[in-house]
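Reading through the structure tokens given below for one structure.
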Amino acid sequence: MSGYLAFVKKELIENIKNHRFLILFAVFLIFGIASAFLAKFTPEILSALAANVEMSSEPVALDAWKQFYKNSSGVGFSAFIILFGSCLSSEYSKGTLVLMVTKGLSRKAVILAKYTVAAVLMTVSYWISYAATYGCTAFLWNNAAPPNVALAAFALWIIGFLYLSVLMVGCVIFNQTFTSILFTGGTIALISFLGIVDPIAKFSPFILTTQNVDLISGTAAPSDFIIPALLSITISVLGLLLATKLFNKKQL
């Protein structure tokens, strides 16, 4: 446990010093603020640029949350994967893991510490982004908030852990950052593809990323998210266990 905590501290300091956390935080925060303002003022901007363009309806708070879920699941989590795709490759190239392991640090502690720090930084960045969207939306639409916005955001947050588990497996298998990221993207695409095949489509973890708007608009029920959420958590745990097992056998 002491080795794990020491490595967590080392990872936190390193991710602050190399600006990885700052970049991730900035990406999520910018999109959190921009989601509401883009939804509110894009129609006016388009009308100003093209006089013959007429908007069929006024923007509502739901439009801001559509932007938030789209930005977070797309650019936000993509940035997260890219930034942390080098979490082990840099250690491989520097040879620091060999020294730490020979001094008694368990390989399990290495994987768990890296996963913990990445998960914490993702969580902080994501929920700050959510708070920014919530605050800006409340300001622009006079506290008009659709129902279940927090539940829909919580569902999307769970997917972040699935992405991280797949990424950790890729980082263990491959020594290069690019191949780790490519493996992660390919695996996520495969899981997503399987999720459109009946009869398992309604249980796919990616319901947590594709039906957020349906949940807050009332066309989907919270119960529809239970099995996908449990499946996502299960895959995350299995992925982390697999990464740990593979790392125990890896030649450093």
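A quick note: this is a predicted structure, and the numbers were derived from the prediction, not measured.
Looking at heavy atoms from C-beta onward, F21 lies in side-chain contact with S125 at the 4.5 angstrom threshold. By the 4.5 Å heavy-atom criterion applied to side chains, F225 and Q211 are counted as neighbours. The shortest side-chain heavy-atom distance between F7 and L112 does not fall under the 4.5 Å cut-off. Within the 4.5 Å cutoff, side-chain heavy atoms of S86 are placed close to those of R20. Inter-residue side-chain proximity for I81 and I188 is flagged as met; some heavy-atom pair is nearer than 4.5 Å. The side-chain heavy atoms of S232 and I159, taken from C-beta on, include a pair separated by under 4.5 Å. Put simply, the side chain of L238 does not reach to within 4.5 Å of the side chain of L242, judged on heavy atoms.
Residue M168 holds its CE atom at 10.0 Å from OG1 of T184, rounded to the nearest 0.5 Å. For the atom pair CD (Q176) and CD1 (I181), the distance works out to 11.5 Å, reported to the nearest 0.5 Å. Taking NZ of K245 as the reference point, atom CZ of R107 lies at 15.0 Å (rounded to 0.5 Å). Between the CG atom in L38 and the CZ atom in F31 there is a gap of 9.0 Å [rounded to 0.5 Å]. Considering OG1 of T234 and CD1 of I227, their distance stands at 11.0 Å, rounded to 0.5 Å. With rounding to the nearest 0.5 Å, the separation of CG in L121 from OG1 in T116 is 10.5 Å.
For F80 against M122, the heavy-atom pair with the smallest separation is CE1-CB, 3.6 Å. Of all the heavy atoms in I235 and P205, the pair that sits closest is CD1-CG, 4.0 Å. The shortest non-hydrogen separation linking L208 to A229 is CD1-CA, 3.9 Å. Of all heavy-atom pairs spanning T137 and A36, the tightest one is OG1-CB, 3.7 Å. Nearest heavy-atom pair across P222 and L151 is CB-CD2, 3.6 Å. Heavy-atom minimum distance, C171 versus G85: SG-O, 3.5 Å.
Counting non-hydrogen atoms of other residues, nucleotides and ligands closer than 6.0 Å to CZ of F206 gives a total above 12. Counted within 6.0 Å of NZ on K10, heavy atoms from surrounding residues, nucleotides or ligands total more than 12; the atom is thus considered enclosed.
No donor-acceptor pair under 3.5 Å is formed between the side chain of Y126 and the backbone N or O of F77. Checked by atom type and distance alone, the side chain of T244 never pairs as donor or acceptor with a backbone atom of K108 at under 3.5 Å. Between the side chain of N212 and the backbone N or O of A152 there is at least one donor-acceptor pair closer than 3.5 Å. K114 places no side-chain N or O within 3.5 Å of a backbone atom of L88 that could act as its donor or acceptor partner. The closest donor-acceptor contact from the side chain of T209 to the backbone of L156 lies at 3.5 Å or more, if one exists at all.
Using a 30° and 60° split on the angle between ring planes, F183 and F174 fall in the tilted class, from 30° to 60°. The aromatic rings of Y115 and F161 sit tilted, their planes meeting at an angle between 30° and 60°. In this pair, W127 and F154 present their aromatic rings tilted. The plane angle is within the 30 to 60° band. Between F68 and Y130, the angle of the ring planes goes over 60°, which puts this pair in the perpendicular group of the 30/60° scheme.
Within the structure, no pair that satisfies the salt bridge (Lys or Arg N to Asp or Glu O under 4.0 Å) test touches residues 126-154, not counting sequence neighbours. Among residues at least two apart or in separate chains, side-chain hydrogen bond (donor to acceptor under 3.5 Å, both in side chains) pairs with a member in residues 65-82 are S35-N71.
V124 and L12 fall within the same hydrophobic cluster, defined by Ile, Leu, Val, Met, Phe, Trp and Tyr side-chain heavy atoms under 4.5 Å apart, directly or through other members. F28 is connected to V75 through a chain of hydrophobic side-chain contacts under 4.5 Å among Ile, Leu, Val, Met, Phe, Trp and Tyr, so both are in one cluster. In the hydrophobic clustering of this structure, V237 does not group with I226; members are Ile, Leu, Val, Met, Phe, Trp, Tyr whose side-chain heavy atoms approach within less than 4.5 Å, directly or through other members. Linking ILVMFWY side-chain heavy atoms closer than 4.5 Å, directly or via other members, places I23 and I30 in two distinct hydrophobic clusters. In the hydrophobic clustering of this structure, L22 does not group with I128; members are Ile, Leu, Val, Met, Phe, Trp, Tyr whose side-chain heavy atoms approach within less than 4.5 Å, directly or through other members.
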Worked verdict on D224 versus I207 for side chain to side chain contact (heavy atoms under 4.5 Å, CB included) = CA-CA 9 Å; D224 297 336; I207 285 177; 5.6 Å; no
